[in-house]
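One structure below.
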Amino acid sequence: LLQLVLDSPDARGREVYAAQLRAVTDSRWLSERLSALVTQFEKPKRIRHLIEVADRLMDDLYPIIVRGFQHPDATVAAAVVGLLNRLGPEDQRQTLLSMLALPEATMQLRAVALVGEFEPHDVAPVLIELLSKATTLDLRREICTSLGKLGDVRGVPALSRLVHTTRWTRLLRRDAEPEVRVAATWALGSIDSENARSALRSLLDDRDIRVRQGATTVLAASERLPR
């Protein structure tokens, strides 16, 4: 029946086979079988079709979402984002939290970017903890960006620590990388907090011109906004 669902050229026929399949199998079996078919070596068109079938048949889409994001094709990634869009807010949140807990940095990077896109509630503490452990520049920079998009004031202390450097932190901390500091500066500008604005004011004479310009721009924008 699963093969008929996957291979039938007729849409109505696929729906009939899918209904029969749901009636005689449990969701765990379907999840295991469909997830096993989603590999990074499969053709993108086939993977997109598998994702479509999974959306109709599976209750728990998390395995398909993770395996789909491991495929290198951009159209497959877009199809997986479509799955996330069709989930309810809490299911989206739990899926992204599970992805953030994965050990692969590439999957964490994808999850962090999606947090910035979907802005689920109460995820900032997880990002802040991940920021303290992140080992790549891209991941640290993306976490800063997503913290800014969330606008959660709990991110201000961690972002402030990133932008304030001394001679010793420049020698000992990878957080002092200019790209990360610039991202943290813009993130602070996206958070409506006096502590965030205070941290930005202290950057107006920073030694890095990109940090100075970023702080100047976001402070000027925030002062034009009504509070």
Side-chain angles (χ1 to χ4, degrees), residues 62 81 84-85 87-166 168-170 172-204 206 208 210-227:
Y62 175 71
V81 171
L84 274 171
N85 268 314
L87 296 179
E90 185 55 29
D91 287 337
Q92 285 179 357
R93 178 178 180 273
Q94 291 301 326
T95 297
L96 293 174
L97 286 174
S98 296
M99 288 176 64
L100 288 170
L102 293 172
E104 299 89 351
T106 54
M107 193 58 66
Q108 291 176 342
L109 182 62
R110 173 80 71 174
V112 170
L114 289 168
V115 166
E117 180 177 344
F118 287 94
E119 299 183 14
H121 71 91
D122 203 30
V123 177
V126 178
L127 291 187
I128 293 167
E129 181 179 0
L130 184 60
L131 181 61
S132 68
K133 301 175 181 178
T135 59
T136 68
L137 182 150
D138 286 344
L139 183 54
R140 290 191 293 277
R141 182 172 53 198
E142 194 66 46
I143 292 172
C144 291
T145 300
S146 289
L147 283 172
K149 290 179 179 179
L150 292 176
D152 193 314
V153 296
R154 289 174 291 184
V156 172
L159 293 168
S160 297
R161 285 193 296 272
L162 287 183
V163 295
H164 289 108
T165 65
T166 65
W168 291 110
T169 58
R170 286 192 292 274
L172 300 175
R173 276 180 31 204
R174 58 179 178 266
D175 299 339
E177 291 160 333
E179 294 88 346
V180 176
R181 296 187 67 232
V182 171
T185 299
W186 285 97
L188 284 167
S190 301
I191 300 174
D192 186 12
S193 159
E194 184 54 41
N195 287 338
R197 287 186 285 275
S198 177
L200 289 168
R201 293 186 192 102
S202 70
L203 299 174
L204 294 176
D206 192 86
D208 190 320
R210 292 172 297 175
V211 173
R212 291 199 307 274
Q213 290 176 339
T216 300
T217 301
V218 295
L219 279 172
S222 68
E223 288 169 1
R224 291 195 296 267
L225 295 175
R227 304 215 192 282

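As the structure is a prediction and not an experimental result, all values here were calculated from the model.
Taking a cutoff of 4.0 Å between a charged side-chain nitrogen and a carboxylate oxygen, Lys149 and Glu142 do not qualify as a salt bridge.
When side chains are defined from C-beta on, Glu179 does not count as touching Val182, because their heavy atoms never get closer than 4.5 Å. Residues Val112 and Leu139 meet the side-chain proximity criterion, which asks for heavy atoms closer than 4.5 Å. Under the 4.5 Å side-chain criterion, counting only non-hydrogen atoms from C-beta, Leu127 is in contact with Leu100.
The two atoms that bring Pro120 and Val115 nearest to each other are CD-O, 3.5 Å, heavy atoms only. In terms of heavy atoms, Ala215 sits closest to Leu200 at CB-O, 3.6 Å. Nearest approach of His164 to Ser202, heavy atoms of both residues: NE2-OG, 2.6 Å. Nearest heavy-atom pair across His121 and Arg93 is O-NE, 2.8 Å.
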Test side chain to side chain contact (heavy atoms under 4.5 Å, CB included) on Trp186 and Thr217 and set out the steps. CA-CA 9 Å; Trp186 285 97; Thr217 301; 3.8 Å; yes
Side chain to side chain contact (heavy atoms under 4.5 Å, CB included) evaluation trace for Arg197 with Asp192: CA-CA 8 Å; Arg197 287 186 285 275; Asp192 186 12; 3.0 Å; yes
Worked verdict on Leu87 versus Gln94 for side chain to side chain contact (heavy atoms under 4.5 Å, CB included): CA-CA 10 Å; Leu87 296 179; Gln94 291 301 326; over 6 Å; no
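Taken from CG in Leu130 to CZ in Arg140, the straight-line distance is 11.0 Å, to the nearest 0.5 Å. In this structure, CZ on Arg210 lies 10.5 Å from OG1 on Thr185, to the nearest 0.5 angstrom. Atom CG of residue Leu84 and atom OH of residue Tyr62 lie 11.0 Å apart, to the nearest 0.5 angstrom. Atom CD1 of residue Ile143 and atom CD of residue Glu129 lie 10.5 Å apart, to the nearest 0.5 angstrom. Asp152 CG to Leu159 CG: the interatomic distance, rounded to the nearest 0.5 Å, is 10.5 Å. Between Cys144 atom SG and Leu131 atom CG the span is 5.5 Å, to the nearest 0.5 Å.
Evaluated for a side-chain contact (heavy atoms from CB on, under 4.5 Å) with Leu203, the options Arg212, Arg181, Gln213 yield exactly one hit, Arg181.
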